[in-house]
Amino acid sequence: MTEIRKIDSYRWELPRTGDMRVPGRIYCNKSMLDAIRKEATLRQVANVASLPGILKASLAMPDVHQGYGFSIGGVAAFDWKEGVISPGGVGYDINCGVRLATTHLEEKDVRPRLDALVNALYQHIPSGLGSKGSVSLSVAEEKKVLRQGSRWAVENGFGDESDPDYTEEGGCLPQADPDEVSDRALERGKRQLGTLGSGNHFLEVGVVAEIYDEKVARAFGLFEGQVTVLLHTGSRGLGYQICDDFLAFMAKHVKTLPFSLPDRQLSCAMIQSEEGQRYFRAMACGANYAWANRQILMHQTREVFLRVMGMGPGDLGMNLVYDVCHNIAKKEEHLIDGKKRTVCVHRKGATRSFPAGHPDLCRAYRNVGQPVLVPGDMGTASYVLVGTETAMAETFGSTCHGAGRVLSRKAAKKAAKGRSIYRELEDRGILVRWTGRSTMAEEMPDAYKDISEVIEVVHNAGISRKVARLKPMGVVKG
DNA sequence: ATGTAC
């Protein structure tokens, strides 16, 4: 691989070589770059830069690591008329994302009942591989979920009418067409609404540990010492199946196109083609399912809090701050060389970071900017950031999505041998309940990059700004 | 990430 050019302390350019149509750009510090250099990640950033219709640059966020075709932590925008859309650029977990709710509670209110609270959450929130939820759907009803997203959940009693306002895209991509979703995907989705899943997915009871921006924190409803709920999950087996179906479909289709791919995992279709539109409509179904899933899970979490804390909804005050997706392709308008263009932004392990004034933001945040939710590992911290103009100008309104792994699942298991990760976290005041046999080892804090280092990069580069840090108290894992 | 398979 060619040399990397330093732009400044947090920006690096991978110059255009070979088939690259645009350069690559990596947001990270020097030590992160040294780690990224050793992986296939840079090759993947370069490969994406060779795809037809890509605009400006193939981007990588500081939490970047190797993924299927496209790296995780990557952002790539394609011209809506001349560009491609790729399932690998979205990822298997379509609309994997994060939702944050605040409460009126403070740490001192919850700490004494934390054990009971975490037990009750674990009991009532289905988690783990293949878990089934309490919502059982007919295919006809499931298709309504796929069309309506969050709205279906709210109309069926799961949460408040205003919740979709505090959800990216209002919790629904209107292009969704259930006729593009296979019977097999529909079958898998019937019983998984209101389930957490496994791996890095979690439900976390946390507390606001530090505020960096008082004004924005106030607009988001955050104050120091406040108890919060953070939820990380996606579209479960349904989204996985949609991705799998379309990867196979596109692998065949791409052979008919007049360009060759540097990696077969980048299979794609022209956005304007029937094949491209079919994927977009199916992907939108996966996205809507994930929003309904998080909406239902938040409602179930609220019910558990009410019972365990013995209080009414007004006293608990569990309010949705925001819900962001970090695995998705979106049709958006962006200024490119001073001209407004319609583009298809692929964010795979990257979060939208829209600034104050953006028309897509709900009224409450229009003058502040979009809340950006970035979970760290289960033992350290998560961050609330706010979107910026710099993101809009440089990264198609995008920033990082998490800590990013440093140890593979296998390496993590090896490193955890002979240790009790549960006890180590308990000693730090964090109670964890989990389902999977290897979850604690695979998800231990040492398996991830230091989240604060990732946050420093995006804050200092200006593609999102620090608002608050949350620390975990109780965690339910899959 | 994912009913660790077609």
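Since the structure is predicted, the reported quantities are computational estimates derived from the model, not experimental observations. Chain letters run A, B, ... following the sequence lines, proteins first, then strands; residues in each count from 1. Every heavy atom of this structure was used, including side-chain atoms; hydrogens, water molecules and symmetry mates were not.
- Under the side-chain contact (heavy atoms from CB on, under 4.5 Å) test applied with A/Glu204, the options A/Val476, A/Val98, A/Leu230, A/Ile430 reduce to a single match, A/Leu230.
- Counting to the nearest Å, the C1' atom of B/dT4 and the CD atom of A/Gln241 are 15 Å from each other.
- Ring orientation note: the planes of A/Trp434 and A/Tyr422 are tilted relative to one another, at an angle of 30° to 60°.
- Rounded to whole angstrom, the span from the OH atom of A/Tyr92 across to the C1' atom of B/dT2 amounts to 9 Å.
- Atom-to-atom, CG of A/Leu247 to P of B/dA5 comes out at 17 Å; the value is rounded to the nearest Å.
- Taking atom NE2 of residue A/His201 and atom P of nucleotide B/dT2, one finds them 5 Å apart after rounding to whole Å.
- Side-chain contact, A/Ser438 with A/Arg409: no donor N or O sits under 3.5 Å from an acceptor N or O.
- With rounding to whole Å, A/Asp183 atom CG is found 17 Å from B/dC6 atom P.
- Comparing A/Leu196 and A/Asp244, the nucleotide of DNA chain B nearest to each residue sits closer to the 5' end for A/Leu196.
- Summarising the geometry, the separation between CZ on A/Arg437 and P on B/dT4 is reported as 15 Å, rounded to the nearest angstrom.
- Within the nucleic acid shown, A/Gln192 comes within 4.0 Å of sugar-phosphate atoms alone, with no base atom in reach, counting heavy atoms only.
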**OP:** Check the pair A/Arg302 / A/Asp160 against salt bridge (charged side-chain N to carboxylate O under 4.0 Å, His left out), numbers first and verdict last.
**Re:** CA-CA 11 Å; A/Arg302 178 191 280 122; A/Asp160 297 336; 3.7 Å; yes
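- Note: CG (A/Asp245) to C1' (B/dT2) measures 13 Å, nearest angstrom.
- Within 4.0 Å (heavy atoms only), A/Arg409 reaches at least one base atom of the nucleic acid.
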